[in-house]
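Here is the structure we will look at.
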Amino acid sequence: MALIEVKQVSKIYNDNSIPVAALNEVTLNIEKEEFTAIVGPSGSGKTTLLNMIGGLDQPTTGTIIINDTDISTYRTDEMINFRLQNIGFVFQAYNLIPVFTARENVEFIMLLQKISKEEREHRAIELLKAVDLEDKIHKKPTELSGGQQQRVAVARALASKPSFVLADEPTANLDSVTANNLLDLMEKLNEENKMTFVFSTHDSRVIERAHRVVTLRDGRIDSDIKQNELVAEQK
Amino acid sequence: MLLALAWKNIWRNKKRSLIILTAIALGLWAGLFSVAISMGVWEATVNATIDRNLSHIQIHTKEFKEEKLISNYIPDGNSILDQIRKDGRIKEVSGRVLIEGMASSPTSSGGVNIVGVNPDRESIVTTISNYIKEGTFFETNKRNPIVVGQKLADKLGLKLGSKIVLTFQNVDTTLTYAAFRIVGIFKTESSIFDQLHLFVNKSDLYPIMESKPIISEIAIRLNSSEELDSVYSTITQKHSSLMAETWKQLAPELEFTYEMLILELEIFLGIILAALLFGITNTMLMSVMDRVREFGVLMAVGMKRIRVFFLILIETFVLSIFGGIIGMGLGAITVWYLSDKGIDLSIFAEGLNAWGMPTQMYPMLPIYFYFVLVIMIIVTAIIAAIYPSIKTIKLRPAEAIRTY
Ligand SMILES: Nc1ncnc2c1ncn2[C@@H]1O[C@H](COP(=O)(O)OP(=O)(O)O)[C@@H](O)[C@H]1O
Ligand SMILES: [Mg+2]
């Protein structure tokens, strides 16, 4: 049984007079420990798909099943709690609480989980070490570079011990060296901690790093290539 | 940590927070100060009434309270008088003879309350002697002197030195009359009082009434009005057959105006707080709007809406209470300082004296007003927090975070 099952999900935005089909009958399974990139040009539906999987928005039709549970059955606060316990989020920007230090940002999510103070502190420091920010523990987001902020966001995403991490264009605001470093970090966490990552990007250098690449075009899945096939393709 | 977050959030936009803090503090300070001035004026008015004729505590027989007949005099009145005078909390006691009667001039007549007093003692118990406009308060060797109000003198067409005839019932209910000569004319701020009351030397009354020296009213002046309740209870215990009343019972209209005043002042503070409410709501709304993305992220990663609600509530609360404490502190210090020093109103002295008001004004504020205010501020803060909080928890994370 797959960790994430997206079944014939469509999303139609009706905000304007012309309805926009951001997703069109998308079906996709993501297994535990995968390192998947959702790619496609801007406007192809990447964010919409990640929002559906993350329970930040509801599909117009179709179902999302995570850990065998249809998440459309959750009420708003149940969904928030589900996200807290199961999903780590990294967004493109504005991830962190500006008035908190790096450590406080990482701790905050564990506070929401009602984890004890000692464990919070201990785990926050461990995680910030893991993302190579031991020396920035007491820095506020404004005192950190864009890459460092995203690393804190990754640390925070892991702090809640989620089943998987969703990252929507985590490297969009980073230069290529920093982007590569972030991918190194994510890959390391995927390999060492067996953490499942689903991230979106339209940066070809980042796409190369994925173990599975799902390409969206106009709200439909255009291609879905796994690592062994990727390797085969490169040969 | 929620509390720490709220505190840090408040100081994120220092300028904005300081502006609203200042507004709250100034609003409350001004409000408290105005209230204290109103209370001060009211107290001055009450004091004027007490001073003029009421005194702090009066004693009568129960029968007299029902029917104001001279026959309902206080048995052994003069020995009770002497006994009460020994109490250290009491400044002076005046024994009065009260008779309802008729005052006549050659041209007119009218019903009056004849007040027989010992002039020396009376001028300590009340300040009626200060209201003399013409003549003196019994500083004379004339026979049967009388002091009347300006209003009555005008009504009867009498002047200083005129003769006036009083007709009244004796203790044995027979009618008697006697002629008096006006030696003083007073004018208080109450024209009704001036028309209905006239003062005579009580020692002049006894021979006319062919009576022993009886008194029907004991008026007590305290050293300090704060001892009102304790002296009152001592007297009611000792003289349970008599009826003692404090000025509050004697002049219920003063108590009524006091309650009305308090109500008005509470409404006044309410209006100030309502104005502040809009300011606070607006500030919080701006602050929330600035943080839409952040709240979106917080709710996305798992912060429950109730917690977000509380975060806004706490921020609003801390801001309001903080401003409230500063404002109330400033107000309390100002009032405390001026309640001791007073405000010199001598620039307006002429006008005020005409109204029988003192030229020195002492603002004052009962402690419980601060409690009322604290509760009002808390309520204001809660109401102010509701709209911004609702705005926040209605945010849909997907939309709040979206960076196109
Ligand atoms: N809230 C919305 N209202 C209306 N249209 C939307 C909304 N969100 C996304 N869209 C549209 O849906 C399509 C997919 O958008 P999105 O998922 O953001 O794509 P991507 O993340 O790949 O750039 C776009 O055409 C976009 O304009
Ligand atoms: Mg996007």
Open item on the list: If you count every heavy atom of other residues, nucleotides or ligands that lies below 6.0 Å from B:Tyr368 atom OH, does the total exceed 12?
Closed with: yes

TODO: Go through the atoms of B:Ile306 and report whether side chain, backbone, both or neither lie under 4.5 Å from a heavy atom of chain A.
DONE: neither

Open item on the list: Rounded at 0.5 Å granularity, tell me how far NZ in B:Lys8 sits from OG1 in A:Thr101.
Closed with: 6.5 Å

Task: Atom CZ of A:Arg217 with >12 non-hydrogen neighbours under 6.0 angstrom - done: no

Open item on the list: Please report the interatomic distance CG(A:Asp57) to CD(B:Glu399), rounded to the nearest 0.5 Å.
Closed with: 7.0 Å

Task: Euclidean distance, A:Leu84 CG relative to B:Met303 CE, rounded to 0.5 Å - done: 11.0 Å

Task: Partner chain B: residue of A:Pro98, A:Ala157, A:Ser160 with the largest heavy-atom pair count (under 4.5 Å) - done: A:Pro98

Open item on the list: Between B:Arg305 and chain A, with a heavy-atom cut-off of 4.5 Å, which part of the residue counts as in contact: side chain, backbone, both or neither?
Closed with: both

- [ ] Between chain B and each of A:Thr48, A:Leu50, A:Ile97, A:Leu96, count heavy-atom pairs under 4.5 Å; write down the option with the most.
- [x] A:Ile97

Task: Closest non-hydrogen atom pair between B:Ala300 and A:Phe89, with its separation - done: O-CE1, 3.3 Å

Open item on the list: Report which part of A:Asn51 has an atom under 4.5 Å of a heavy atom belonging to chain B: side chain, backbone, both, or neither.
Closed with: side chain

Open item on the list: Minimum heavy-atom separation for A:Asn95 and B:Val297, please, with both atom names.
Closed with: O-CG1, 3.3 Å

Open item on the list: A quick test of your reading: do over 12 heavy atoms of other residues, nucleotides or ligands sit less than 6.0 Å from OH of B:Tyr370?
Closed with: yes

Task: Distance in Å, A:Asp168 CG paired with B:Ile401 CD1, rounded so as to fall on 0.5 Å steps - done: 9.0 Å

Task: Contacts of residues 104-120 of chain A with chain B (heavy atom under 4.5 Å) - done: A:Glu104, A:Glu107, A:Phe108, A:Ile109, A:Leu111, A:Leu112, A:Lys114

Task: Within 6.0 angstrom of B:Phe310 CZ, more than 12 heavy atoms from elsewhere - done: no

Open item on the list: Can you confirm whether A:Ile18 is buried at CD1, in the sense that more than 12 heavy atoms of other residues, nucleotides or ligands lie under 6.0 Å from that atom?
Closed with: no

Task: Exercise: identify the closest heavy-atom pair between B:Lys304 and A:Asn81 - done: NZ-OD1, 3.9 Å

- [ ] Using non-hydrogen atoms and a 4.5 Å limit, figure out which bit of B:Arg291 sits close to chain A: side chain, backbone, both or neither.
- [x] neither

Open item on the list: Can you tell me if A:Asn193 has over 12 outside heavy atoms packed within less than 6.0 Å of its CG?
Closed with: yes

